[in-house]
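Letters A, B, ... are given to chains in the order of the sequence lines, protein chains preceding strands, and every chain is numbered from 1.
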There are 2 protein chains.
Amino acid sequence: MPKIVNHDERKNTIAEAMWRVILDKGMEGATVRNIAEEAGLSLGALRYYFKTQDDLLVYAMDLVQERATKRIEAVLQQPLSPKELVVAVILEIVPVNANTKIEMEVWFAFIAYVKHRSDTLDVPDDQILEMTQRLLTFLQEQGLLKSTCQLEMEIERLYGLIDGLAIHAILNPERLDPEHVQKTIIYHIDSICC
Amino acid sequence: MPKIVNHDERKNTIAEAMWRVILDKGMEGATVRNIAEEAGLSLGALRYYFKTQDDLLVYAMDLVQERATKRIEAVLQQPLSPKELVVAVILEIVPVNANTKIEMEVWFAFIAYVKHRSDTLDVPDDQILEMTQRLLTFLQEQGLLKSTCQLEMEIERLYGLIDGLAIHAILNPERLDPEHVQKTIIYHIDSICC
DNA sequence: TCCTAATTAGCACGGTTGTATTAAAACGAA
DNA sequence: TTCGTTTTAATACAACCGTGCTAATTAGGA
């Protein structure tokens with residue numbers, strides 16, 4: 001009898017160990033040996049759950065998106081005003097707490113690594129652009145977007161701002177702390193809303 | 001007699017070969033062997049010019065900044081209106097042509113790599129923030145910044161937008177082509193100027 | 001209890017990495 | 001030419017990489 005439940009839980013544990021290794025040592029340090037050690041497993045044990053390193057990589061990337069999506073869905077359930085809702089969703093993406101920080105940093109490391117692989121890897125799409133489109137369309141439908149704003153341009157601008165702030169918060173956290181990130185997001189949303 | 005001139009020219013050639021390798025294969029592929037092959041040199045020859053790989057890394061990073069700085073200084077000599085000048089300078093940073101593309105991409109690869117090194121490397125500062133501060137202060141001094149704009153916030157926003165657009169242009173060039181980047185930059189500058 | 005499948009540990013293999021070393025080649029000045 | 005320095009080539013080495021393989025261990029159902 002396979003212990004399906006424990007099996008999947010263990011895979012998540014390993015994927016999270018991989019996150020921590022990437023956070024600490026970068027993609028270059030994300031070797032199967034380092035990941036196994038971080039997860040408290042032997043090489044053979046890790047290999048039992050993930051046949052190859054690429055399998056683990058794809059699984060760990062999927063898990064990042066899954067976690068973020070779940071948190072965003074929880075935010076969407078909350079009774080907030082349109083503008084508050086938009087800000088709240090963005091703050092679940094951009095690195096302002098332990099969750100968002102590790103997810104965003106690991107995500108960037110993944111994307112940068114996968115880009116330079118000759119063989120294609122089944123990497124999930126970036127959901128941030130899609131989310132940005134939805135948020136701004138929502139604001140416009142609510143009549144909150146200033147008439148001077150062009151939707152397409154605002155999507156590109158907010159999308160860029162989100163990832164730009166994320167990069168800066170990751171690479172220079174002592175200069176751009178979570179409060180500054182939040183303040184800048186709110187400042188920008190205010191600037192495009194009536 | 002040391003052939004100083006050729007020596008330094010050769011070092012630049014090697015550094016540029018490293019850029020191309022990073023552009024093509026990423027930081028993981030930037031091995032001394034790959035770089036030597038790209039430069040058309042043997043391992044021993046490369047090692048003659050750069051005692052260690054880190055020496056080459058630091059030299060190649062410095063060269064990125066040097067090239068970008070020179071181009072920006074050239075732009076500053078041109079007789080342009082304040083707003084045109086600001087846009088022109090930003091377009092020398094963000095990936096809109098072969099030069100800016102390779103420099104920005106290599107720069108990000110460098111920064112991401114260096115971040116995860118226990119030992120400190122003599123990596124040059126990011127000049128983009130400094131440049132952004134100057135540009136916006138200049139706009140304000142010229143009385144072109146809207147009165148509703150807060151300088152500190154605008155610096156953070158433009159800085160984020162520049163690197164965010166750069167990331168997107170690098171990671172997804174078929175979606176965000178140079179024209180879109182330029183259009184978005186101009187749109188943003190227009191939105192904060194009278 | 002036993003038995004079978006799930007799980008783990010450990011090692012070996014071929015390949016790649018950065019770097020050190022050493023000898024050969026190229027070249028300029030006398 | 002001849003000498004001395006600069007430059008190149010080639011190899012060796014230790015460390016690390018991903019992965020395949022096999023034996024030991026564990027655990028749950030009959």
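- Computed from coordinates, the E28(B) CD to dG18(C) C1' distance equals 16 Å when rounded to whole Å.
- With the nearest nucleotide of DNA chain D identified for both G40(B) and Q53(A), G40(B) has the one nearer the 5' end.
- Regarding R33(A), its CZ atom lies at a distance of 12 Å from the P atom of dC11(C), rounded to whole Å.
- Within the 4.0 Å cut-off from OP1 or OP2 of dT17(C), at least one side-chain nitrogen or oxygen of T31(B) is found.
- Between dT8(C), dT11(D), dT19(D), one nucleotide has an atom nearer to the side chain of R10(A) than all others, and that is dT8(C).
- One atom, CG of L41(A), and another, C1' of dA6(C), lie 14 Å apart when rounded to the nearest Å.
- Among the nucleotides dA9(C), dA20(C), dC17(D), the one closest to any side-chain atom of N34(A) is dC17(D).
- Rounded to an integer number of Å, the gap from NZ of K11(B) to C1' of dT7(D) is 15 Å.
- Closest to the side chain of A45(B), from the set dA9(C), dA9(D), dT19(D), is dA9(D).
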Passes salt bridge (Lys or Arg N to Asp or Glu O under 4.0 Å), R117(A) versus D54(A)? Steps please. CA-CA 11 Å; R117(A) 294 229 345 187; D54(A) 280 352; 2.8 Å; yes
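- Here the rule is salt bridge (Lys or Arg N to Asp or Glu O under 4.0 Å) with R67(A), and of E16(A), E103(A), E73(A) only E16(A) fits it.
- Residue-environment remark: CD (E179(B)) stays at or below the threshold of 12 foreign heavy atoms within 6.0 Å.
- Side-chain proximity of Y49(A) to dT19(C), dT8(C), dT8(D): nearest is dT8(C).
- Protein atom CD of E37(B) is 13 Å distant from nucleotide atom P of dA10(D), rounded to whole Å.
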Show your working on salt bridge (Lys or Arg N to Asp or Glu O under 4.0 Å) between K70(A) and E92(A) and close with a plain yes or no. CA-CA 10 Å; K70(A) 276 191 181 166; E92(A) 288 298 336; over 6 Å; no
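- Considering only the side chain of T52(A), dT19(D) comes nearest among dT19(D), dG18(C), dT11(D).
- Per the geometry, CE belonging to M27(A) stands 21 Å off P belonging to dC16(D), to the nearest Å.
- Each of I128(A), N99(A), V64(A) was evaluated against M104(A); a single residue qualifies, I128(A), per the side-chain contact (heavy atoms from CB on, under 4.5 Å) test.
- Considering only side-chain N and O atoms, R47(A) lies nowhere under 4.0 angstrom from the phosphate OP1 or OP2 of dG18(D).
- The shortest distance between the side-chain N/O atoms of Y48(B) and the OP1/OP2 oxygens of dT7(D) is below 4.0 Å.
- Whole-Å rounding puts the I35(B) CD1 to dT19(C) C1' distance at 14 Å.
- Going from atom NZ of K25(B) over to atom P of dT16(C) covers 13 Å, rounded to whole Å.
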